[in-house]
Every structure is written in C-alpha cells, then in structure tokens.
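Treat the numbers as computed from the prediction; the structure is a model and nothing was measured. Here is the naming used below: chain letters follow the sequence lines, and residue numbers restart at 1 for every chain.
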Protein chains: 2
Amino acid sequence: MQHINWDNLRYVLVVANKGSIAAAARELNVNRSTVLRRIDTFQKNLNCRIFDRSDSGYVLTPEAEKMIDAAREVESTLFDMQRQIAGHELRLEGELRVTTTDTFMLSLLGPHLASFQQTHPHIVVEVQMTNNILDLNRRDADIAIRPTRLPDAGLVGRRLCDVDFGIYATPQLLQGIDRKQIFTARWIGFVDGIMQTPIGVWFSRTIDIRNICLRCDSFVAVRVAAEAGIGIALLPRLLGDSSAQLERLEVDTSELSIGLWALAHSDLVRSARVHAFIEHLSRALA
Amino acid sequence: MQHINWDNLRYVLVVANKGSIAAAARELNVNRSTVLRRIDTFQKNLNCRIFDRSDSGYVLTPEAEKMIDAAREVESTLFDMQRQIAGHELRLEGELRVTTTDTFMLSLLGPHLASFQQTHPHIVVEVQMTNNILDLNRRDADIAIRPTRLPDAGLVGRRLCDVDFGIYATPQLLQGIDRKQIFTARWIGFVDGIMQTPIGVWFSRTIDIRNICLRCDSFVAVRVAAEAGIGIALLPRLLGDSSAQLERLEVDTSELSIGLWALAHSDLVRSARVHAFIEHLSRALA
DNA sequence: CTATAGTGTTGCAATTATGCAGCATATTAA
DNA sequence: TTAATATGCTGCATAATTGCAACACTATAG
C-alpha cells in the first residue's frame with residue numbers, strides 16, 4: 001500500500017473551502033493545473049472520488065464530508081503547532097504580522113510604528129489594514145489592534161486607550177440645518193456588516209433609515225464623504241477631530257465608547273517580537 | 001508568511017520515530033538525501049531546530065516534543081480517515097492485506113486462500129506472514145488471522161475455529177525416555193517474546209528452564225527442530241498432527257486451547273473485500 | 001591494528017512537478 | 001444576440017525534486 005501525500009490533503013481542503021480549482025489556486029499561490037493534478041493524484045492514491053463537478057464548481061461528494069472534517073482537524077492541529085513554535089521565538093528579529101483597521105492605521109498608529117521600527121530595526125512589521133476580522137487562531141496575523149469590549153477566548157490582550165465617538169459635519173452643511181433637527185437631516189451610514197455592532201444598533205435606533213444617503217464599510221470612507229459635504233457622520237474622535245473641514249456637534253455618544261486593544265493568541269505572547277510590540281504600543285499610548 | 005508543507009511533517013515524524021535519517025529513508029522508501037533535505041527545508045520554513053545530532057543518531061530537541069505529539073495526532077487522524085474511505089469500498093476488487101503467523105499460513109490457510117482467489121479473482125490478497133503483531137489501527141494490514149482470547153477494543157472479529165495444542169517428539173527420541181519423566185527430558189522452548197503469553201506461562205511452570213536446549217520464535221521453527229530430534233516440543237495440533245516424523249504424547253494441554261479469530265478494524269468490516277474474506281474463511285472453517 | 005558496516009552530507013544527472021499558454025466551455029453583462 | 005470574463009483541462013518548456021554515487025566520519029568485530 002502506498003502512502004498518501006499529506007500535503008495533497010491541504011490542497012483538497014482549500015478546494016473544498018473555495019469551491020473551485022481556480023479559487024484554490026489563487027489562495028495557494030500556484031497554478032490552476034497544479035491544484036488540478038494534485039487533486040487527481042490524491043483521488044487516485046485513495047481510489048475514491050472527492051468532488052462532483054456541478055454548475056457552481058467543485059462540490060464535495062457526501063462521503064467526502066468526513067474526510068474534510070479530518071483535514072480541518074489536521075489543519076487546526078498544525079496551526080496550534082506553528083503558534084507554539086512561534087511562541088518560543090526569543091530573538092527580536094524576523095517578521096511580525098499586525099492587522100488593524102484603516103481607522104487606527106490612519107489616525108493613530110503611524111508614529112508608533114515608526115518609533116517601534118527605530119527601536120527594533122530587525123523586526124519587519126507587516127501591516128494588514130483591513131476591516132475584515134482576521135483570525136488569530138489561523139495565524140492570519142500575529143497581533144490585532146482592534147476595538148473590542150471583551151477579548152475572545154484564547155486571546156490575551158492589553159487595553160491601549162479609549163475610543164470615543166463624535167458627530168461631525170461640514171459647516172456649510174450645518175448652515176441649512178436646525179441644530180435640534182439634525183437627526184432628521186441627511187446622514188452617512190454603514191453597510192450591513194457594521195449594522196450588527198453597537199455602532200449599528202445606535203444608528204438604527206437614532207437615525208431614520210430614510211435619512212441615510214450613503215453607506216460605507218469604513219470610517220475613513222465615511223470621513224471622506226463627510227468632508228465632501230454629503231451628510232452628517234458618526235466618526236471616532238481620532239478621525240473626526242483631526243479633520244480641518246469637519247465640525248463636531250454636541251451630541252452625547254459616550255455609550256459608544258469602547259476600548260482599543262492589542263490582541264494576540266495566548267501561545268504567542270511569550271514570543272519576544274509579539275511581547276515587544278504590545279509593550280511598545282502600550283507605553284506609547286499610556 | 002509561507003505555508004509549511006504538510007508532507008514534510010510526515011518525514012519529521014518518521015525520523016523522530018526511527019532515530020536516524022537512514023532508517024527513516026528505508027521506512028519511507030526514498031533516498032537518505034531526500035529525507036535530509038526535507039527535514040532541512042521544514043526547519044528553515046518554521047525557523048526552528050527540531051533535531052540534535054547525538055552519537056545515537058538524530059534525537060528530538062526538548063521543544064520539539066510537542067510538535068511530534070501534533071504530528072502523531074495528524075497521523076492518527078489520517079489513519080482514521082483512510083480506514084473510513086476504505087470501509088466504503090463496495091467493489092470486490094483491489095488489494096486486501098492479510099496478516100497471519102507462519103503457523104496458520106502453513107497448516108491451515110493455503111487451500112482457503114486458493115478457493116477465495118477462485119471465487120474473487122479480482123481481489124489481490126497480499127499475505128504478510130509474520131510473528132509480529134501488526135497494528136490494524138495503523139492500517140499495517142486490513143485483516144489479521146491470529147489466536148486471541150478477546151479481540152482488542154476497536155476491532156471486530158469472527159471466531160474461526162479452535163486451536164488445540166499437543167506435545168510431540170520423534171519416536172527415536174522417545175525410545176530413550178521414560179514416559180513418566182518426559183518433563184525432565186530435553187525440550188524445545190521459546191524466545192522471550194512468547195514467554196509472556198499463556199503458552200510461555202505454561203512452559204515456565206511445567207518445564208525446568210535447564211531442560212530447554214533450543215529456543216525458537218516460531219512454532220514452525222519448533223516443528224523443524226522437533227523433527228530433527230532435538231527435543232520434545234509443544235505445538236499446535238494443526239502443525240504437529242500433520243508431521244509424519246512426529247508422535248503425539250498423551251498430555252493434557254486443554255488449558256492452552258484458544259480461538260483462532262479473523263480480526264478487522266470496525267471501520268473496515270463494511271468494506272466488501274474485507275467482509276467477503278472473513279465470510280469465506282468463516283464458512284470454510286465452520 | 002584492519003576490515004566492515006553503519007552514519008550524514010554533497011555534486012551531478014535523471015526524474016518529476018510546475019508554470020505557461022492555449023483551448024473549449026460556461027457564466028454574466030451589455 | 002454579442003462580448004467579456006471565468007472555469008476546467010492539456011501539451012510543452014522550464015524549474016524543482018529526487019536518486020545515485022562518492023566522500024568523510026564513527027562504531028564495532030576480528
């Protein structure tokens with residue numbers, strides 16, 4: 001009996017997740033034909049069919065579902081393993097993958113990244129600026145800088161500072177509006193993804209949906225829109241106060257205040273790189 | 001961040017198990033240099049050292065122990081997976097790996113393998129005749145034909161027949177011995193591995209160790225030795241009765257009687273091949 | 001001591017896997 | 001409809017991996 005190639009199972013898993021050979025190839029940074037041929041050899045080795053071709057791409061045969069469960073188990077075991085290895089790294093060099101949102105990248109982190117870079121010139125920080133919540137369990141990133149009320153299970157964090165909010169608009173826009181009627185003026189809102197968060201809840205409670213004239217998936221985009229006079233905007237004060245074109249209105253939004261945290265997987269906090277970065281940010285923002 | 005090659009972890013595991021690059025290469029059926037280079041790239045990818053070179057070969061660094069635990073977990077997950085896939089195989093074709101001891105291969109199975117082969121010409125039976133107990137969990141074999149009192153957990157079995165024992169010697173040897181004194185004559189014994197089993201216990205209780213003139217690791221070897229007149233032998237009756245040169249003595253060995261079982265992993269009994277083989281043997285020996 | 005058999009490691013040639021470009025087909029948009 | 005984009009799949013040239021043979025070293029036996 002020949003042994004199966006464990007790495008091919010990784011390919012099978014990605015194809016199952018992505019639903020097509022082409023999408024899997026992009027994820028794996030290889031050519032489509034490579035994925036195709038690896039899946040073929042895997043199926044030949046095990047003498048079984050894993051995928052049916054359907055209109056919507058490669059879809060798992062019912063029997064293969066359990067195999068994918070096994071593959072996922074393998075994957076998470078290896079993620080754990082890699083994290084533990086990375087957690088034992090004591091040298092202050094190598095790469096450090098940090099994820100944060102555009103909001104904090106633009107309004108807060110620039111100078112602190114610069115000073116960190118000066119203090120630890122051999123650590124190459126790789127910033128992933130995205131509003132998607134990357135999965136620290138999957139090692140999509142080593143550290144996440146994000147607002148949260150309570151860190152997820154398995155993650156450890158340091159509260160860096162508070163994030164307060166404010167209501168902003170251009171003076172030109174405000175001229176035509178009665179200050180007591182601002183909630184019925186035109187507002188800049190958020191896409192569905194954000195509407196589930198406390199921000200979204202406040203919004204849907206406070207603003208009539210018919211007054212929302214534009215929806216964005218990012219506070220930075222909201223600020224651009226607000227500066228263009230499109231409508232009234234809810235913004236983190238970090239972003240709003242620094243805008244020369246925007247004026248802040250006196251509205252109580254203290255219930256929206258939230259902590260900004262530096263989060264890392266508990267396996268990784270003993271890593272010198274991770275520890276140094278969190279320590280640095282924490283001191284700089286104290 | 002680059003992804004690690006899952007297959008290289010398999011190589012790491014084998015090296016850890018075997019203790020040397022060369023031994024791992026033999027196990028994996030590849031060249032030594034391949035193993036060496038794969039271990040190298042694995043360590044470079046993860047940026048960690050896994051093995052120390054010592055006089056006794058490649059030995060794990062203490063930090064790497066947990067990694068090997070993860071690798072073992074991956075391995076057993078994949079064994080489970082492969083078994084489940086094989087268990088869904090409904091066609092009566094392909095290979096079927098059967099392990100049994102030399103004893104039963106020589107004395108019992110030949111004709112039944114022949115008739116099975118005739119009934120199912122597309123199933124290629126691969127016999128592994130060894131006195132080592134192969135691990136059905138690791139898929140070292142699909143079916144084991146071996147004597148046992150109670151099948152291991154996770155295995156399902158069918159009791160095929162009884163295995164009774166007898167005491168044998170050549171008539172020439174017996175001429176010089178008082179039948180009441182046979183236990184103090186020269187005996188053919190067993191190597192340590194067998195001495196832990198009920199057979200061994202009976203032996204050490206019945207025969208003075210000083211009377212053992214030869215030790216074998218196999219009943220077949222014992223029979224050859226007994227036929228050569230070296231000493232008195234305890235043999236399965238299947239082996240002893242069929243020998244033209246040996247005479248059976250009237251000694252009660254019924255306490256040694258044991259069942260011969262066909263064993264398979266529970267995941268595999270639904271496989272058509274496995275089911276057919278066990279069914280065939282069971283009917284033939286009923 | 002020598003001889004033998006084992007080990008890890010390296011350069012080079014042969015093998016194998018991969019990327020690329022192209023094809024047919026399917027889906028989506030205008 | 002047509003055009004544009006995406007998909008799976010295949011031949012061929014290139015790139016990467018592997019086996020082979022040789023080497024240095026160690027351990028063991030005679």
Whole-Å gap separating [atom2] ([N]) and [atom1] ([X]):
X: Arg38(B); N: dG19(D); atom1: CZ; atom2: C1'; value: 13 Å
X: Leu36(B); N: dA21(D); atom1: CG; atom2: P; value: 18 Å
X: Asn5(A); N: dT18(D); atom1: CG; atom2: P; value: 10 Å
X: Lys18(B); N: dG8(C); atom1: NZ; atom2: C1'; value: 18 Å
X: Ile39(A); N: dT7(D); atom1: CD1; atom2: P; value: 15 Å
X: Leu28(B); N: dT18(D); atom1: CG; atom2: P; value: 11 Å
X: Ile21(B); N: dG6(C); atom1: CD1; atom2: P; value: 17 Å

Open item on the list: Using 0.5 Å steps for rounding, measure from the CD1 atom of Ile143(A) to the CZ atom of Arg97(A).
Closed with: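 Nearest 0.5 Å value for the CD1-CZ distance: 10.5 Å.
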TODO: Working to the nearest 0.5 Å, report the span between CD1 of Ile232(B) and CD1 of Ile212(B).
DONE: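 One gets 12.0 Å once the value is rounded to the nearest 0.5 Å.
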TODO: May I ask you to check whether Phe203(A) and Phe190(A) place their ring centers less than 6.0 Å from one another?
DONE: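 When the ring centroids of Phe203(A) and Phe190(A) are compared, they turn out to be within the sub-6.0 Å range.
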Task: Within residues 10-17 of chain B: residues closer than 4.0 Å to DNA chain D (heavy atoms) - done: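 The answer is none.
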Task: Exceeds 12 heavy-atom contacts within 6.0 angstrom, atom CZ of Arg270(A) - done: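 No - once you tally the heavy atoms of other residues, nucleotides and ligands closer than 6.0 Å, there are 12 at most.
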Task: First encountered from the 5' end of DNA chain C, between Asp40(B) and Arg26(B) - done: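 Checking each residue's closest nucleotide, the 5'-ward one belongs to Arg26(B).
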Open item on the list: Assess whether a salt bridge exists between Asp40(A) and Arg37(A), defined as any Lys/Arg side-chain N lying under 4.0 Å from an Asp/Glu carboxylate O.
Closed with: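 No, no charged N to carboxylate O under 4.0 Å.
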Open item on the list: Could you tell me if the side chain of Ile230(B) sits less than 4.5 Å from the side chain of Trp187(B), heavy atoms only?
Closed with: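 No, too far: nothing below the 4.5 Å cut-off.
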Open item on the list: So if I take every side-chain heavy atom of Ser20(B) and compare against dT18(C), dT7(C), dT9(C), which nucleotide ends up nearest?
Closed with: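 Minimum distance to the Ser20(B) side chain belongs to dT7(C).
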What protein N or O atoms touch nucleotides 20-28 of chain C N or O atoms at under 3.5 angstrom, if any, and at what distances?
| unit_1 | atom_1 | unit_2 | atom_2 | d |
| --- | --- | --- | --- | --- |
| dC20(C) | N4 | Ser33(A) | OG | 3.1 |

Only distances under 3.5 Å count here; give the side-chain donor-acceptor pairs of residues 21-31 of chain B to other protein atoms, sequence neighbours excluded, each with its distance to 0.1 Å.
| unit_1 | atom_1 | unit_2 | atom_2 | d |
| --- | --- | --- | --- | --- |
| Glu27(B) | OE1 | Lys18(B) | NZ | 3.3 |
| Asn31(B) | OD1 | Ser33(B) | N | 3.0 |
| Asn31(B) | OD1 | Ser33(B) | OG | 2.5 |

Open item on the list: For Phe79(B), does the six-membered ring have the charged nitrogen or CZ of Arg139(B) within the cation-pi criterion, i.e. under 6.0 angstrom from the centroid and within 45° of the normal?
Closed with: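 No.
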Task: Steps toward salt bridge (charged side-chain N to carboxylate O under 4.0 Å, His left out) verdict (Arg10(A), Asp7(A)) - done: CA-CA 5 Å; Arg10(A) 183 162 65 91; Asp7(A) 208 47; 3.0 Å; yes
